[in-house]
Enquirer: 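A single structure is presented below for examination.
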Amino acid sequence: MSDPYMPTAPQSSTELLQRCQALAGLTLGQIAATAGVTVPANLQRDKGWVGQLLEHTLGATAGSKAEPDFPTLGIELKTLPIDQSGKPLESTYVCVAPLTGVAGLQWQDSWVCQKLQHVLWLPILAERQIPLAQRMVGTGFLWQPSPTQLQLLQQDWEELMEQITLGGIANIRGAQGKVLQLRPKAANSKALTQAVGASGEPILTLPRGFYLKAGFTAAILQQHFNSV
DNA sequence: AAGTGATCATTA
DNA sequence: TAATGATCACTT
């Protein structure tokens with residue numbers, strides 16, 4: 001299957017932003033039609049569809065590589081489902097959590113820190129009652145964490161990673177962390193990966209991922225749209 | 001209603 | 001299996 005429309009990579013953050021502005025106000029149905037993509041009836045079996053459609057349309061490098069969506073710009077694209085009042089409907093996945101060999105890993109060298117250095121947020125009005133094709137794309141914007149935000153993230157990250165290092169992963173739940181949480185990130189509850197047990201022994205556990213809590217992304221949206 | 005834990009598709 | 005893209009759906 002070949003797409004009739006194959007965007008090229010944006011050459012600058014300005015160009016990327018301009019492409020976003022051209023999408024603002026369009027529905028996912030319109031964007032999909034331009035891309036020559038069929039809109040699924042719902043996201044139940046296509047949970048990543050929206051993100052992949054926008055990646056494609058904006059000219060991001062496709063694939064499951066562990067690098068930013070726009071490698072030459074160092075920018076990560078995140079779609080953000082919101083309700084009518086502009087509040088995020090979901091937490092935002094950041095990256096998988098390393099569970100072994102992490103002793104001595106510093107915040108500055110962590111995947112979380114690197115991924116969040118420069119994010120293109122793309123809000124999408126995505127209340128469940130709205131059919132997928134009619135959901136509207138909002139105004140995307142570039143964000144870099146403020147010193148305060150960075151500190152909050154670092155604190156949560158260090159606390160979670162210390163627990164992982166000390167073999168306390170079994171005790172970590174999603175409620176922990178003010179802005180960053182650790183939750184399962186797997187095909188199902190039977191998928192296993194290696195981690196460190198309470199006595200330092202190797203154990204098998206559910207793969208985990210780091211997520212930004214909705215309150216944190218809500219603050220990012222407010223901070224941006226209040227200053228515009 | 002919110003928030004956590006569970007799950008789905010796809011590509012290496 | 002592990003990485004990418006996330007939302008679903010049950011519990012609280």
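In what follows, every chain begins at residue 1, and chains take the letters A, B, ... in the order their sequences are listed. All figures in this text were calculated on a predicted structure; none of them were measured in a lab.
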Enquirer: Does OP1 or OP2 of B:dT10 have a side-chain N or O of A:Arg45 closer than 4.0 Å?
Expert: no
Enquirer: For A:Gln129 and C:dC8, give me the distance from atom CD to atom C1', rounded to whole Å.
Expert: 17 Å
Enquirer: Examine B:dT11: is either OP1 or OP2 under 4.0 Å from a nitrogen or oxygen in the side chain of A:Gln52? Give yes or no.
Expert: no
Enquirer: Are any of A:Lys87's side-chain N or O atoms less than 4.0 Å away from OP1 or OP2 of B:dG3?
Expert: no
Enquirer: Rounded to whole Å, please give me the gap between CG in A:Leu122 and C1' in C:dA6.
Expert: 14 Å
Enquirer: It should be established whether A:Arg183 places a side-chain nitrogen or oxygen under 4.0 Å from OP1 or OP2 of nucleotide B:dA6.
Expert: no
Enquirer: For A:Asn188 and C:dC8, what is the distance between atoms CG and P respectively, to the nearest whole Å?
Expert: 18 Å
Enquirer: A:Tyr211 has an atom OH; how far is it from atom P of B:dG5, in whole Å?
Expert: 11 Å
Enquirer: Is a side-chain donor or acceptor of A:Glu201 paired with a backbone partner of A:Ser199 at a separation under 3.5 angstrom?
Expert: yes
Enquirer: Compare side-chain N and O positions of A:Gln44 against OP1 and OP2 of B:dT7 and report whether any pair is under 4.0 Å apart.
Expert: no
Enquirer: Counting heavy atoms from C-beta on, name the nucleotide in C:dA3, C:dA6, C:dA2 closest to the side chain of A:Val96.
Expert: C:dA3
Enquirer: Whether A:Lys47 contacts C:dT4 is assessed here as follows: a side-chain N or O lying under 4.0 Å from the phosphate OP1 or OP2. Is that the case?
Expert: no
Enquirer: Using a cut-off of less than 4.0 Å, is there contact between a side-chain N or O of A:Ser91 and OP1 or OP2 of B:dT4?
Expert: no
Enquirer: Between the side-chain atoms of A:Lys185 and the base atoms of B:dG5, is any donor-acceptor pair under 3.5 Å?
Expert: no
Enquirer: Please determine, for the side chain of A:Trp111, which listed nucleotide (C:dA3, C:dA9, C:dG5) has the closest atom?
Expert: C:dA3
Enquirer: Less than 4.0 angstrom between a side-chain N/O of A:Thr79 and OP1 or OP2 of C:dG5, yes or no?
Expert: no
Enquirer: Checking all strands, does A:Leu89 fall into the base, sugar-phosphate, or nothing category for heavy-atom contacts under 4.0 angstrom?
Expert: nothing
Enquirer: Look at the side-chain N and O atoms of A:Tyr93 and state whether any lies under 4.0 Å from the OP1 or OP2 oxygen of C:dG5.
Expert: no
